[in-house]
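Working notes, structure below.
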Amino acid sequence: MQGKILVVGSLNMDLVVNAPRHPQMGETILGGTFATFPGGKGANQAVAAARMGSAVTMIGRVGQDGFGSELRASAVKDGIDMQHVKVDEREATGIAFITVDAAGRNTIVVASGANLALTPRELSAAQQAFSNANVLVTQLESPLDTVSAAITLAVANNLRVVLNPAPAQTLSAEILSKVDYFIPNEREAMQVVGAETLDSAIEQLLGMGVRNLIITLGEKGVLIVTPAGRKEIPAYSVQAVDTVAAGDAFVGAFATGLAEGMSTEQAAQLGNAAAAISVTRHGAQPSLPMRKEVNEFFGGQK
Ligand code: RIB
């Protein structure tokens, strides 16, 4: 069964510098190569799902500029329905300044631009997109009232809701209780509830109504937590060159697995494989694998 996924989220052009290490505060260092790549957590997750074989529709905003046209054209090439990604006449397309060190670790600063002009009103105009999908995927690079409205509309239309709370901000029980699969990394899990430890964050999130908590642990894999217990799904061991969009690769592939009827564990394995392949390649969207590559990767693991 082909997954039908609706992504409400961000599109950014990534401006990436590779450097031997990250600079200290107030320090200037000489880096290496510079490159631009299509990115943004929303668009990355949309592309990850499309390359896994899902039919994907995106709702978002870009500016009336070259980056905006490039991002839209690139998503269309991946077969994503972009009719609900509108061009904002006032704001510039979102960009992300990224540094990647020799170990593939990154720091990211986003200038959101047009992403912040995505209003709840535009969701109502895209009602058809909600009735056609079976999974909603969203993140926090769009305004919180829009994300919240998207989740409410998704629930009303019987979609399963996947929320990747990145970048993290405090979230209410009203939002969390409507989410079917909540996918933070360790730091984000603690930040959304203001907890000092991961265990305390897990306890609070379950208490606030989260049904399936999938915590991404980087090279260690993911931890699935439900009210019934915990289970770790280990990562595949690879040589990382660039970890940008590894989390997005996981989320897009995981959502595809769910939409295809997989169990949470099977979907997490699909997500882990997509993330493992993505970190062996440079850039956000260029690093995201096709389903065929993931299947070959699984073959090589046996
Ligand atoms: O998750 C990676 C993404 O975060 C990058 O593509 C960048 O645009 C930021 O949104």
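Sequence positions, counted from 1, serve as the residue numbers for this chain. Counting convention: from 1, in listed order, for ligands and their atoms alike.
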May I ask you to identify the nearest protein heavy atom to [atom], giving residue, atom name and distance to one decimal place in Å?
| atom | answer |
| --- | --- |
| atom 7 (C) of ligand 1 | Asp14 OD1, 3.2 Å |
| atom 3 (C) of ligand 1 | Asn44 ND2, 3.6 Å |
| atom 1 (O) of ligand 1 | Asp248 OD2, 2.7 Å |

When you check the side-chain N and O atoms of [X] and [Y], is any donor under 3.5 Å from an acceptor?
| X | Y | answer |
| --- | --- | --- |
| Asn115 | Asn12 | yes |
| Glu122 | Thr119 | yes |
| Gln45 | Gln139 | yes |

For ligand 1, is Gly40 a contact, meaning one of its heavy atoms is under 4.0 Å away?
-> yes
Which atoms of ligand 1 are found less than 4.0 Å from any heavy atom of [X]?
| X | value |
| --- | --- |
| Lys41 | 1 (O), 2 (C), 3 (C), 4 (O), 10 (O) |
| Ala96 | 7 (C), 8 (O) |
| Glu141 | 4 (O), 9 (C), 10 (O) |
| Ala284 | 6 (O) |

Which residues satisfy the side chain to side chain contact (heavy atoms under 4.5 Å, CB included) test with Ala253, sequence neighbours excluded?
-> Met52, Leu270, Ala274
Glu27/Arg21 salt bridge by N-O under 4.0 Å criterion | yes
Do Lys41 and Asp248 meet the salt-bridge criterion of a basic N to acidic O distance under 4.0 Å?
-> no
Hydrophobic clusters join Ile, Leu, Val, Met, Phe, Trp and Tyr when side-chain heavy atoms are under 4.5 Å apart, directly or via other members; which others share one with Ile29?
-> none
Any N/O pair Ser10/ligand 1 closer than 3.5 Å = no
Taking both backbone and side-chain atoms of Gly39, is any N or O found less than 3.5 Å from an N or O belonging to ligand 1?
-> no
